[in-house]
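Notes for the one structure printed next.
Order of the sequence lines sets the chain letters (A, B, ...), proteins ahead of strands, with each chain counted from 1. Values below: all heavy atoms of this structure, side chains included; hydrogens, waters and symmetry mates excluded.
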Amino acid sequence: MAKVLTARDENYSQWYNDLVIKADMAENSAVRGCMVIKPYGYSIWEKMQAALDQMFKDTGHVNAYFPLFIPKSFFSKEADHVEGFAKECAVVTHYRLRTSEKGGIEVDPDAKLEEELIVRPTSETIIWNTYRNWIQSYRDLPILVNQWANVVRWEMRTRLFLRTAEFLWQEGHTAHATAQEAMAEARQMLEVYATFAQEWMAMPVIKGSKTPTERFAGALDTFSIEALMQDGKALQAGTSHFLGQNFAKAFDVRFTNKQGVMEHVWASSWGVSTRLMGALVMTHSDDDGLVLPPRLAPFQVVIVPIYKNDEQMEQSRAYASELRARLAKAGFRVKLDDRDTHKPGWKFAQYELQGVPIRLAAGPRDIEAQTVELARRDTREKQSLPIEKLEAVVAEMLEAIQKNLFDKALARTQANTTRVDSYQEFKELLDSKGGFFLAHWDGTAETEKRIKDETKATIRCIPFDAPDEPGQCMVTGQPSPRRVLIARAY
RNA sequence: CGGGGUGUAGCGCAGCCCGGUUAGCGCAUCUGCUUUGGGAGCAGAGGGUCGUAGGUUCGAAUCCUGCCACCCCGACCA
């Protein structure tokens with residue numbers, strides 16, 4: 001088969017770029033740093049959205065929508081927050097164009113905005129400014145709102161899905177009467193993300209707390225799920241934040257508690273973005289293309305009819321069409337590709353590139369024997385299946401694929417997680433093997449910075465499940481209560 | 001923003017150093033015939049302001065200057 005992708009071990013990032021484009025997920029647009037998400041890619045994103053949205057609803061959240069534009073003054077109200085985002089904000093300064101004397105159009109200098117508007121890089125400020133009007137009493141709490149939206153962060157260097165100037169995401173913003181409640185919310189939503197990553201994306205993750213330097217701008221505590229990609233680099237797949245009373249104080253959001261005392265509200269926020277698409281690609285796919293977990297695949301099964309002439313074409317199409325109807329009726333997402341404009345071999349390769357979990361092929365031999373050829377994407381196994389077993393085998397196999405993908409990714413993550421006790425050993429293994437490292441750290445920002453400057457690796461998180469294990473910092477020898485997760489990251 | 005590179009058909013490239021017929025190749029597209037169980041073959045066809053503006057020259061894709069765009073490597077980041 002003709003290779004259309006760069007092999008992973010030849011050039012991993014080239015492989016990723018090729019794959020996203022060849023699988024028809026997304027492409028670069030006329031706007032620098034912004035991508036076009038194509039229908040196939042968007043369909044995967046819709047599957048993610050649907051699953052997450054249901055999980056949000058199941059945990060008591062409701063959706064709302066806040067403006068794309070944020071008055072500049074809002075940003076300056078929370079010092080850490082403004083500093084965190086100032087360098088990557090797009091700003092709207094004018095509201096009108098006019099015809100230029102030289103032909104074409106130009107910005108009308110007379111249409112300058114009184115107050116410039118920031119295109120949201122995140123919505124804490126506009127939302128907390130709004131919450132002020134919604135909250136007077138403890139009876140108004142909690143507020144559990146999520147929004148699905150686009151945000152803009154003017155990045156220097158971009159990559160499809162992994163880092164784009166504009167991206168799609170959801171951001172949850174909650175308001176609570178107590179710190180405990182807000183913290184519990186942040187922790188709960190991280191669990192939701194971990195469950196989604198593992199059960200839907202088949203992507204194992206490590207849950208933990210960020211160090212103070214890696215914290216979200218304006219948060220008191222940031223939690224994340226970290227996944228290990230096939231090239232040995234970590235990817236932060238979701239975050240939640242305990243915001244304390246920072247935004248409530250900045251926007252003067254207070255409530256009267258049960259004792260009749262005025263208090264500032266406690267907050268959390270949490271989000272995942274289209275970056276999950278990149279994580280999905282880099283977790284399971286191979287040199288022949290995308291490999292999708294069945295629960296997120298736009299099509300779980302694709303059927304390709306085989307024929308040599310018009311008569312056979314009609315027969316194979318009818319046969320395949322029946323199979324399609326049976327599978328659809330059984331509740332599977334199934335596509336019949338009976339186009340006569342492409343040959344079977346081309347279709348096989350294309351659907352492998354697009355990661356369809358199961359492919360069925362049916363031709364004269366199958367009609368004769370009442371069978372169908374079934375091929376599974378993850379293991380490349382093929383078998384001839386009597387059609388009476390179709391629904392049962394497909395159901396079983398989709399579950400097997402979903403499980404196999406997770407098991408393989410988990411085994412890979414575990415095999416590439418190394419406990420190290422010396423800084424020298426860490427540096428050597430980081431270059432030769434990569435992956436996650438569990439090491440002792442003295443808890444200081446200085447040591448953290450030194451590791452980052454010298455190795456480009458960062459402390460990804462302090463894992464929740466790290467056991468108490470007193471030791472000595474691998475860099476300074478100072479005491480450390482437990483190991484932290486370190487890796488080079490996207 | 002620093003360093004490097006590239007702009008030629010929808011995509012990928014050659015041609016440029018050393019200026020000179022009608023700018024070429026692969027893939028893709030279109031037509032016809034043969035094909036169709038792993039990315040088909042043959043024959044034919046269409047498609048170009050050579051990034052852009054100026055300059056040098058009898059003559060510029062080719063030489064010179066400015067500008068623009070994009071890519072790669074750094075610093076920053078979900």
Side-chain angles (χ1 to χ4, degrees), chain A residues 1-5 11 13-14 17-18 21-22 27-33 83-89 121-122 150-159 161-171 193 210 213-217 219 222 224-227 234-241 269-279 288-289 303-313 316-317 320 338-354 359-369 371-375 380 382 384 452-453 456 458 460 489-490:
Chain A
M1 179 168 58
K3 294 288 177 195
V4 294
L5 296 178
N11 183 341
S13 31
Q14 189 64 48
N17 290 337
D18 286 357
I21 289 166
K22 298 272 171 55
E27 64 189 29
N28 285 305
S29 71
V31 185
R32 181 188 142 84
E83 196 185 331
F85 288 104
K87 283 174 289 185
E88 49 188 21
C89 285
T122 181
N150 59 335
V151 286
V152 169
R153 296 181 188 175
W154 212 262
E155 301 288 350
M156 301 276 181
R157 296 189 55 199
T158 59
R159 294 189 66 193
F161 291 120
L162 296 173
R163 175 165 298 110
T164 46
E166 178 193 19
F167 57 92
L168 306 184
W169 78 345
Q170 57 70 214
E171 46 182 324
Y193 290 154
K210 285 291 190 185
T213 36
E214 296 276 328
R215 240 173 233 159
F216 173 72
T222 289
S224 75
I225 52 172
E226 302 284 331
L235 186 141
Q236 177 178 311
T239 54
S240 67
H241 316 288
S269 70
W270 29 275
V272 296
S273 72
T274 35
R275 187 178 225 207
L276 287 177
M277 298 284 286
D288 293 322
I303 308 177
V304 177
I306 309 290
Y307 45 83
K308 280 189 165 59
N309 52 47
D310 284 356
E311 187 194 350
Q312 285 185 0
M313 180 168 83
S316 290
R317 274 179 168 171
D338 62 355
R339 288 177 298 174
D340 193 30
T341 50
H342 296 274
K343 297 185 56 178
W346 188 91
K347 293 177 186 176
F348 292 176
Q350 185 60 29
Y351 291 115
E352 271 157 24
L353 205 44
Q354 296 194 280
R359 182 191 71 230
L360 301 178
R365 296 203 298 262
D366 294 297
I367 299 173
E368 173 70 27
T371 59
V372 65
E373 183 193 81
L374 180 151
R380 318 304 298 263
K382 276 199 233 182
S384 182
K452 186 177 179 183
D453 290 346
K456 289 181 178 136
T458 48
R460 302 315 305 155
Y490 277 95

With the criterion being N/O to N/O and under 3.5 Å, what pairs connect the protein with nucleotides 35-37 of chain B, and how long is each?
| residue | atom | partner | partner atom | Å |
| --- | --- | --- | --- | --- |
| B:rU36 | O2' | A:Y307 | O | 2.4 |
| B:rG37 | O6 | A:G363 | O | 3.3 |
| B:rG37 | O6 | A:P364 | N | 3.1 |
| B:rG37 | O6 | A:R365 | N | 2.7 |
| B:rG37 | O6 | A:D366 | N | 3.3 |
| B:rG37 | N1 | A:G363 | N | 3.4 |
| B:rG37 | N1 | A:D366 | OD2 | 2.5 |
| B:rG37 | N2 | A:A361 | O | 3.4 |
| B:rG37 | N2 | A:D366 | OD2 | 3.0 |

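- Across all strands shown, A:E155 has heavy atoms under 4.0 Å from base atoms, whether or not it also approaches the sugar-phosphate.
- Rounded to a whole Å, the CD atom of A:E27 is 15 Å from the P atom of B:rG10.
- Taking atom P on both B:rG26 and B:rC17, the two are 25 Å apart, rounded to the nearest angstrom.
- Put simply, the side chain of A:R275 gets close to the backbone of A:L162: a donor and an acceptor are under 3.5 Å apart.
- Scanning all heavy atoms of the two residues, the minimum distance from A:T458 to A:A489 falls at OG1-CB, 4.3 Å.
- Here A:L162 lies in heavy-atom contact (under 4.0 Å) with a base.
- Rounded to an integer number of Å, the gap from A:W270 CH2 to B:rA78 P is 19 Å.
- Rounded to whole Å, the separation between the C1' atoms of B:rG37 and B:rC30 comes to 29 Å.
- Distance check on atom P: B:rA40 versus B:rG74 gives 39 Å, rounded to whole Å.
- For a distance-only test at 3.5 Å, the side chain of A:K382 qualifies as a donor-acceptor partner of the base of B:rG38.
- Rounded to whole Å, the P atom of B:rG59 lies 15 Å from the corresponding atom of B:rG20.
- For the pair A:N28 CG and B:rC72 C1', the interatomic distance rounds to 14 Å; values are reported in whole Å.
- A:I225 comes within contact range of no nucleotide atom at all, as no heavy-atom separation falls under 4.0 Å.
- In this entry the distance linking NZ of A:K22 with C1' of B:rC11 reads 10 Å, nearest Å.
- The P atoms of B:rG7 and B:rG15 are separated by 10 Å, rounded to the nearest whole Å.
- The separation of B:rA53 from B:rA61, taken at their P atoms, amounts to 13 Å, rounded to a whole angstrom.
- Separation of atoms NZ (A:K347) and CD1 (A:I303) is listed at 11.5 Å; rounding is to 0.5 Å.
- Base engagement by A:R359 is indicated by at least one non-hydrogen atom pair under 4.0 Å involving a base atom.
- Look at NZ on A:K452: it is 13 Å from C1' on B:rG74, rounded to the nearest Å.
- For the side-chain contact (heavy atoms from CB on, under 4.5 Å) test with A:F167, the passing option among A:V151, A:V152, A:T158 is A:V151; the others fail.
- Put simply, OG1 on A:T222 and NE2 on A:H241 are 5.0 Å apart, with the number rounded to the nearest 0.5 Å.
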One pair to check against side chain to side chain contact (heavy atoms under 4.5 Å, CB included): A:D288 and A:R380. What are the steps and the verdict?
CA-CA 11 Å; A:D288 293 322; A:R380 318 304 298 263; 2.4 Å; yes
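- Note on ring orientation: taking the six-membered ring where Trp is involved, the planes of A:W346 and A:H342 are parallel (angle under 30°, cut-offs 30° and 60°).
- A:R460 contributes no side-chain N or O that, together with a main-chain N or O of A:A234, makes up a donor-acceptor pair within less than 3.5 Å.
- Contact annotation for A:T158: no contact, since no heavy-atom pair falls under 4.0 Å across all strands.
- Using a 4.0 Å cut-off between charged side-chain N and carboxylate O, A:E352 and A:R359 make a salt bridge.
- Residue A:Y490 is out of contact with every strand shown, counting any heavy-atom pair closer than 4.0 Å.
- Comparing B:rA78, B:rA75, B:rG39 by their closest approach to the side chain of A:Q350 singles out B:rG39.
- Donor-acceptor pairing under 3.5 Å is recorded for the side chains of A:Y307 and A:D340.
- Taking atom P on both nucleotides, B:rA14 is separated from B:rG55 by 30 Å, rounded to a whole Å.
- With sequence neighbours left out, A:W154 forms a ring pair (Phe, Tyr, Trp, His ring centres under 6.0 Å) with no residue at all.
- As rounded to whole Å, 16 Å separates atom C1' of B:rG12 from atom CG of A:N17.
- Atom C1' of nucleotide B:rA78 and atom OH of A:Y193 are separated by 11 Å, given to the nearest angstrom.
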Based on Watson-Crick and G-U pairs with both distances under 3.5 Å, what dot-bracket line describes RNA chain B 5' to 3', crossing pairs as [ ] and inter-strand pairs as |?
(((((((..((((......[...)))).((((((.....)))))).....(((((..]....))))))))))))....
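- In this structure, A:T239 reaches neither bases nor backbone, as no heavy-atom distance under 4.0 Å exists between it and the strands shown.
- At whole-Å resolution of the value, CZ in A:R339 and C1' in B:rG39 are 13 Å apart.
- Summary of the strand contacts: A:G33 and A:F161 both lie near RNA chain B, and taking for each the nucleotide with the nearest heavy atom, the more 5' one is attributed to A:G33.
- Taking the C1' atoms as reference points, B:rU65 lies 33 Å from B:rG47, given to the whole Å.
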